[in-house]
Amino acid sequence: MEAWLALALAITPICAADAQDAMRGLDLTSPDMTTAEMTRAQVEAALKAAPAGRGADFTGKRLSGLDLSGLDLSGANLRAARLNHTNLSHAKLDGATLDQAWALGADLTRASLVKASLFATQMAGARLDGADLDGARVTADLTGAHLVGARFQDADCSADEKNQSMGLMRAIFKSADLSRADLSHANLARADVRFAKLSGANLSEATLREADASGADLRGALLQGADTSGLDVDSARIDKASVPYLTKAINLDRAFRE
């Protein structure tokens with residue numbers, strides 16, 4: 001476990017700069033990334049044995065492929081854990097720590113992650129349709145993730161300006177499906193939402209300052225009161241109703257107005 005934690009910490013700066021490059025250096029088909037060292041029953045036992053007021057500790061554990069659906073993992077420490085293709089649908093992860101965890105292709109449909117911490121979490125291709133991430137801290141890589149109807153109210157998905165030595169840590173929603181997601185009051189400053197589907201999303205009062213939404217689909221998105229200063233909408237698909245809210249965006253003249 002110590003060796004894995006050392007590796008996870010070592011590659012974090014690389015993940016922040018280019019997660020795809022980090023994954024090229026790893027064997028995602030290895031047992032470390034595809035197998036579990038615990039059963040569901042053992043996970044449940046660990047949850048019951050956790051000290052009162054403290055979440056269970058699964059730091060660095062291999063939990064890939066398990067069915068953990070519906071479990072209450074509130075406050076659990078899943079730092080650097082492997083949760084690739086794990087079923088966490090309808091699970092409760094409020095206040096949980098998933099920093100530097102690997103959850104590629106994980107199923108978190110309608111899971112609750114209120115005020116959870118997802119720092120440098122690898123979640124490409126994960127399913128979070130209807131998930132609740134209100135108030136969560138998210139600098140995860142959610143490239144190609146499914147987040148239809150997910151909630152991010154008051155979530156902090158902004159770039160971590162304090163950790164520049166580790167590269168630009170920010171939420172990555174590249175090519176993700178955020179259709180009808182609720183991102184009202186969320187902080188998406190400098191976030192990567194290139195080619196994301198944001199049609200019908202609620203972005204009212206959100207901070208989109210200097211975020212990259214080039215190629216994104218913003219048709220029908222609610223932008224009232226949003227801070228769009230420096231938002232890059234190059235080649236984005238927008239509707240005429242949103243133009244008044246994008247006057248401070250850049251490359252507005254290169255957006256497709258429909």
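In this chain, numbering begins with 1 at the start of the sequence shown. Atoms considered below: every heavy atom in the structure, side chains included; atoms not considered: hydrogens, waters and symmetry mates.
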Please assess L188 against F152 for the test side-chain contact (heavy atoms from CB on, under 4.5 Å), listing each intermediate value before the final yes or no.
-> CA-CA 10 Å; L188 291 153; F152 285 86; over 6 Å; no
Are any of the side-chain nitrogens in K115 or D134 under 4.0 Å away from the carboxylate oxygens of its partner?
-> no
Is D107 salt-bridged to R127, cutoff N-O under 4.0 Å?
-> no
Between the side chains of D32 and S30, does any donor sit under 3.5 Å from an acceptor?
-> no
Going by distance alone, is a donor N or O of one side chain under 3.5 Å from an acceptor N or O of the other, for R170 and T139?
-> no
State, yes or no, whether a side-chain contact exists between L203 and L222 at a heavy-atom distance under 4.5 Å.
-> no
Hey, is D234 close enough to R254 for a salt bridge, meaning N to O under 4.0 Å?
-> yes
Lys/Arg-Asp/Glu bridge criterion (N-O < 4.0 Å) met for D156, R137 = yes
So, the side chain of T228 versus the backbone of Y245: is there a donor-acceptor pair under 3.5 Å, distance only?
-> yes
Go through the steps to decide whether H146 and L128 satisfy the test side-chain contact (heavy atoms from CB on, under 4.5 Å), and finish with yes or no.
-> CA-CA 6 Å; H146 297 263; L128 293 100; over 6 Å; no
Within 6.0 Å of CZ in R40, more than 12 heavy atoms from elsewhere | yes
SB check D239 R219 (cutoff 4.0 Å) | no
dist R180:CZ -> L147:CG (nearest 0.5 Å) comes out at 12.0 Å
Are E258 and R237 side-chain neighbours, meaning at least one heavy-atom pair lies under 4.5 Å?
-> yes
With the threshold set at 4.0 Å, does a side-chain nitrogen-carboxylate oxygen contact exist between K48 and E44?
-> no
So, are D227 and R209 salt-bridged, with charged N and O less than 4.0 Å apart?
-> yes
Reported CD1-to-CE distance for the pair I172 and M123, which is rounded to 0.5 angstrom = 13.0 Å
Could you state the interatomic distance from OG (S179) to NZ (K197), rounded to the nearest 0.5 Å?
-> 6.5 Å
Atom CG of L28 and atom CD of Q122: how far apart are they, to the nearest 0.5 Å?
-> 9.5 Å
Any luck finding a side-chain donor-acceptor pair between D99 and S117 under 3.5 Å?
-> yes
Out of curiosity, N77 CG to T97 OG1, how far, rounded to the nearest 0.5 Å?
-> 5.0 Å
Spacing of CG belonging to L78 relative to CG belonging to D57, to within rounding of 0.5 Å | 8.5 Å
Test item: side-chain donor near acceptor, D94 and S112, under 3.5 Å | yes
